[in-house]
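Have a look at the structure below before the remarks.
Residue numbers begin at 1 in each chain, while the letters A, B, ... track the order of the sequences.
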Amino acid sequence: MADLVRSTVVSEIFPEGINAVNVGLAGFAQPPQANGARVVNLDWRLPADGDRELGLLLARLEDDSDDPVGSHIKSANATAVQQILAAKPVLMDVLPARDALPGLGPRTILHSGPPIAWARMCGPMRGAVIGAILFEGWADTPRRAEEMADGGEVEFAPCHHFHAVGPMAGILSPSMPVVIVENTNKENRAYATLNEGLGKVLRFGAYDQSVLDRLHWMSKTLGPALSETLRASGPIDLKVLTSQALQMGDECHNRNVASTSLFARLLAPALVRTLDRETASAVLDFIRGNDHFYLNLSMAACKSTMDAAHGFDGSTVVTAMARNGVEFGIRVSGAGDKWFTSPVSVPEGLYFAGYGPANANPDLGDSAITETAGIGGFAMAAAPAIVRFVGGTPADALNYTRQMYRITITRNPDHALPALGFAGTPTAIDARRVVESGILPVINTGIAHREPGIGQIGAGIARAPMECFSAAIRELGWRFGLRGVGHGS
Amino acid sequence: MSSEVVQSRVFKNSYRDSVELMRVAAEVEQIPGVIRAALLMGTPANKALLVESMLDGPETGGAGPNDLIVAVAAGDPDAAGAALARAAGLMQDQPPEAGASGPDRIAPRTIAEAVTQLPNANLAIISTPGPYATAEALKALKRGLNVFLFSDNVPIADEVELKRLAARKGLLVMGPDCGTSVLDGIPLGFANELRRGSIGLIGASGTGLQQVSCLIDRMGEGVSQVIGVGGRDLDEQIGGTMMLAAFERLSVDPGTEVIVLISKPPSPIVAQKILEAAERSSKPVVINFLGSTPSAVRDGRTVPATTLEDAAVAAVALCRGGCTADLPTGEPDGKSVEAVRIQAAGLEPNQRSIRGLYSGGTLCKEAKLILERQLGPERVMDHRLIDLGDDEYTVGRPHPMIDFRLRNERIVAEALDPATGVILLDVVLGYGSHPDPAGALLPALERARRQAEEQGRTLLVIASVCGTASDPQDLYRQETALESAGVVLAPSNAQAARLAALAIGMTSLSGAAESR
Amino acid sequence: MRAITTTVLGTRLISSGVVARIRTFGFAATIHSVFAQAVNLLAEDEIVTLALPSVGAPPNGVVLDADCSLLCLGLRPGMAVVGNRGHLLVPEAGLTVDFEAPIWPAGLANKYSLTFPGPLARNMEMALDLSASRVAAQGFGAFIPAVGSLRGLLGRVAGAAEELLGSASIQPSVAVRPRSLSEAPAVYGPSSPSYARSFEAAVSVARGMRSHDLRTAIVAAEEIIGFGPGLTPSGDDFLVGFCAVLAALNYPGAFSLASACAEKARGRTTVVAESFLRCAARGEFSERLHGLIDALLVGDSARAYRGVESALDWGASSGADSLFGVLMGFGTAKFSDLRNMCE
């Protein structure tokens, strides 16, 4: 008879218990769970829309401290993220673009989105170019302005190439006043035009006399007045201002009511002390009549933040998302200055009476820099009023933000969201996560009429196209010498 | 009038807040072209209500009281379809987390996301379609997770890469095509509820591991760990990477006293490596390479085992200090031999063929080997043993351990063949398997017998049940059910095969053929 | 057993009806359904409810010590729930519910005597006015505005159904399939013949109980089990409310009716409604019904008003349906043949 009274040692491979991630059939979770393991079920989808090769490439680009590629990406991303969190955008001054933007040519016109030739520009952008040429006085009729653009007498470049950003058509010409925002952490600067307000405005492609008159007033009066005021008041910390506005119902892209008011409150005392009564009153009236005045400041602040995160070799952090009305383009920190583009579609949204999707121009503008920096659509939880544009509920607003946590690396504690228990905004889009999860960045946007000069006809929510992110991942893979299939590094 | 259409859809076991249902109904009725919409639980009273309102359809009749019926009447099929889609969308849209809480607690979509919700994650259980499994396994390994890889159809080059990476990181890749593992008493995949003890099993065969571990359990001993490594681990390309890694773990595991290694015949180079490792180990090692026991095994300190049952017996004996008292000898017991003799006597002279219908690949292979030994290689051609779990049979349908339809069809078909004398079966219990395999088999066995009888024949059914008393299906309940239906039961697959050979009457039980 | 949990919820009350079941070692269930204010577990074939304090104690469950939406706990239908003597565990969601709490007596039986205190008549008047002013879109509540005669109904149960069904908006009919959709009645609400029939059956239940004709009552009750929208169909809500009053007053036959309903409910209604009927058969009812009945029976007018008002807000139609049952229950008992004996 065997000696049955033997003592057995029960030892464990996992002394901390089994903590498992179940990828695939949900039924596999139950037996281990019933026996005391902790199991998280993945809501798994085919990564990269079922492109096996791209899915594998994503896996090879995954963080991994033991792997040369994985550790490189991990540390590059950590540096980029640190730059975003530490950025401190401050409004320094308002100056004509020719004095503010280093290297801007005398006959250069900047536009929104990735590079595009005059011939391919959409209606609103062409209208705005004509308006800018007339405003600069390079031509005296729209017809002549068009000839100049046609004949190559004007140079075109994306705003982004000059550290600038512009909403909608984003047209910026040398005489226009721009805000100068400095990220005092890295001492890099970013620029944006001043917001013209709603209605017939250049950024929607309008160029009639009223538009030109306003532009002239802005360059002759508003710009210098703000410059003078800022010198008296000192620089304004835009990060603090944005944080406050996020607590007050703005997401600082499509809703800027609180931020504009805060800005006016900050500026007003210095403004009335510095300027004559008439100018001060005109400037304050202008700000009062424009709920989006802060948008361009917000954009420049975001641009200065994201530029600081750009150029870290290997980093998968998205540093720019922009549309030119024809293409959507993104830039990724570790993939150089290359744009990854894809055709852009018409946003889903609510139209003003009398208009519909048939009238809409495909999505347009550099304003998606706000989402890139983790506010705008990413901070929808702060601004439930916005979701009405797509017939949503306040719960939808929370969910948009919740969803964005899944494709971002960190949360920005300086931008707290009260509705989510003061969690920070989802910050630093990881191109890998976008492709892997199929969750596309959400962008709050205005909708422009496809004909120049008619202006805004609605507002809504757009999604960045997947192709841009897939292309960026392929580029990164190529840079690391990785292929999807076969052996890795 | 005549273009009016009614369409309906049934959501099984769907429980929605009634306020929400009302909201959805109201919203759907707003859709242009929709005449009427109803969302009701499918109670008999409500179904009558739908008939009266002309909202019933072919689907609604089958709805039960706990199913939600969505029915729509509309002016044209497009509007009706759109309305149903909208209703379905409205109900699915409802985010489960509607409250104003923090950002967490959404079902994660990626491993990266999951590990943020599960601190100390140490294992990924992967069962995605094969072509996509490699990427998931890579991501898991890179995050320091061990991998249980159930998916099959993973390219061998991918397996090489995964296992190299795992070896470098000191992690385990159990798979691909790994049927079972039991780690620290936690069952993964198709696993049995086993007593814990001091025998550690490593295997490149899922059902092989299940058979050995269940037999150990039946003999009163327990397992420390059961580690599946995937069917190709001992191929030359993979080089036994994971079996060696797992072996190293068990060699130093204080809870493991005896180690059992199981695989189909490995490449000679890999076999050599494994043997060397086993020789170096301070613990006794039992090796079963299914029919090909290298001579080196016989010479060394390791214990060779011909059948899975032998492996289990050897391990238990080692564990009990070499004592083999009360352990099975591998020979069928008198009672089952008697049962076979009685039933076999009724077989017609031309009923000389054994038809094995297996759900476990290794069990099928083991039975083939035994029949070959017992009956001689030249007679094996008379018999037909098939593994219904083979890819050729499983395309587009569940594994035969879960879905008995294919096997039941084959049982009935084999019974119609006048040459069929014995039907040989395996029944695998445990997590993941059919909840009541005996219950699923009995009607088919009954039909098979009846058909044979109608043609003036009888039929002998021999089976073994691989499972334990603690399995959800309960070994003894299953055995009793089969036995009461006239099935001759053997405690192991090897013995079942020997009984089949006996029945065919070509060999004695003495094992003479085996020693030949 | 090893389990790491992240959320631990306490319990405020535990219903007497389930103490024995859920405090047993080896309690096993699955999550049946998850709502903002309640989570239903399916244990064997009966529902156990975990409710927020705002819902009050269910007859078949516990009141959690929590005020967050239960949708935020990561619970999903089908998840396994295991229980031990002192707690309950949902491993997949990392949730533990601690069962250390006072026991709440769910039994309502024989809580009041069959004498009718002063406030009842006045409170019932108020309840009728209030519920008639809320036009319910579906369920039996939809009838209340249509019948000023409900007053009469309560007074003269026998004749009231005819009166009621004779009113313009309600067409009694035999179950005929209409010729076309445009002729077909609306699914929910008063113009549906099914509704009219069910309403008539509800009245018959009361009529049967009033005249101590249990068989008639049971046959009629059988007709309305599982009828109407929602997770607890209108017919069942009505029956539970009706049985609650009869049980509270210890009305003869109250238990026989409830037991028969529970028996007939199998396969004819949702498992949630079935569970409530089974509780009713044991004389156990929700804290809400306890409160409503108490408010109507002995509450001052302010308390009764609050009670009825909040009852009308339960679910989409459940509140009005239950209230209708409660009012019919009082009507039945008050005008029954026993009245003379008791008053």
Side-chain angles (χ1 to χ4, degrees), chain A residues 1-3 8-14 16-25 27-32 35-47 52 55-56 58-60 62-64 66-67 70 395 398-399 401-402 405-406 411 419-421 423 433 436-437 439 486-488, chain B residues 95 97-98 100-103 106-115 117-118 120-128 131-132 134-136 138-140 142-143 145 150-151 157 161 168-169 183-189 191 196-198 222 224-225 249 253-255 320-321 323 325-326 431-432:
Chain A
M1 186 69 201
D3 175 14
T8 39
V9 187
V10 174
S11 72
E12 285 170 341
I13 298 182
F14 304 110
E16 71 280 24
I18 287 185
N19 299 306
V21 180
N22 185 32
V23 189
L25 305 169
F28 278 119
Q30 276 142 19
N35 283 275
R38 180 120 199 262
V39 187
V40 168
N41 272 315
L42 278 199
D43 175 16
W44 188 80
R45 322 274 168 101
L46 290 182
R52 169 172 145 87
L56 269 172
L58 277 173
R60 299 195 204 293
E62 192 59 73
D63 286 2
D64 182 352
D66 305 335
D67 174 73
L398 302 187
N399 286 327
T401 295
R402 285 203 181 105
Y405 285 117
R406 317 177 79 160
R411 295 171 187 177
L420 292 177
R433 293 293 160 259
E436 192 184 0
S437 67
I439 297 171
H487 298 290
Chain B
E97 287 89 355
S101 73
I106 302 180
R109 226 180 245 189
T110 61
I111 292 177
E113 207 182 336
V115 296
Q117 293 187 18
L118 188 69
N120 303 322
N122 45 23
L123 178 70
I125 302 168
I126 299 173
S127 54
T128 66
Y132 305 100
T134 310
E136 299 305 322
L138 269 176
K139 286 182 269 191
K142 280 168 171 277
R143 297 201 171 257
L145 272 58
F150 183 82
S151 313
E161 181 186 351
R168 204 167 72 220
K169 286 177 166 282
L183 305 178
D184 297 348
I186 307 277
L188 302 174
R196 287 206 75 182
S198 57
S224 56
Q225 307 289 346
R249 288 207 183 206
D253 172 30
R320 293 179 179 169
C323 176
D326 297 333
Y431 295 111

I would like to know whether A:D64 and B:K169 meet side-chain contact (heavy atoms from CB on, under 4.5 Å); could you show each step before the answer? CA-CA 11 Å; A:D64 182 352; B:K169 286 177 166 282; 2.6 Å; yes
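- Rounding to the nearest 0.5 Å gives a distance of 9.5 Å between CG of B:L145 and CG of A:N19.
- Of the residues considered (A:G27, A:G55, A:A29, A:P31), A:P31 shows the highest number of contacts with chain B, using heavy-atom pairs under 4.5 Å.
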As a quick check of understanding, evaluate side-chain contact (heavy atoms from CB on, under 4.5 Å) for A:D67 and B:R168, giving each step before the final call. CA-CA 10 Å; A:D67 174 73; B:R168 204 167 72 220; 4.1 Å; yes
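- Both the backbone and the side chain of A:N22 come within contact range of chain B, with heavy atoms under 4.5 Å apart.
- Closest heavy-atom contact between B:L183 and A:I13: CD2-CD1, 4.2 Å.
- Each of A:V23, A:L25, A:L46 was checked for a side-chain contact (heavy atoms from CB on, under 4.5 Å) with B:T128, and the lone residue meeting it is A:V23.
- Heavy atoms of B:R109 lying under 4.5 Å from chain A belong to its backbone as well as its side chain.
- In summary, B:K139 and A:E62 do not engage in a salt bridge, as defined by a charged side-chain N under 4.0 Å from a carboxylate O.
- Between A:R52 and B:T134 there is a side-chain heavy-atom pair separated by less than 4.5 Å.
- Shortest non-hydrogen contact noted between B:I125 and A:A20 is CD1-CB, 4.0 Å.
- With chain A as partner, the option from B:A135, B:A124, B:S127 having the largest number of non-hydrogen pairs under 4.5 angstrom is B:S127.
- Looking at every heavy atom in both residues, A:S437 comes nearest to B:T110 through CB-CG2, 4.1 Å.
- Note that the CD atom of B:E113 and the CD atom of A:E436 stand 9.0 Å from one another [nearest 0.5 Å].
- Chosen from A:A59, A:G70, A:G24, the residue pairing most often with chain B at heavy-atom distances under 4.5 Å is A:A59.
- Remark: B:L123 CG to A:F14 CZ distance equals 5.5 Å, nearest 0.5 Å.
- Of the residues listed (B:L118, B:V115, B:I111), the one engaging A:V40 in a side-chain contact (heavy atoms from CB on, under 4.5 Å) is B:L118, and it is the only one.
- Rounding to the nearest 0.5 angstrom, the gap separating the CD atom in A:E16 from the CG atom in B:D184 is 9.0 Å.
- Side chains of A:D63 and B:K142 form no contact here, defined as non-hydrogen atoms less than 4.5 Å apart.
- At a 4.5 Å heavy-atom cutoff, the contact between B:L188 and chain A is made by side-chain atoms alone.
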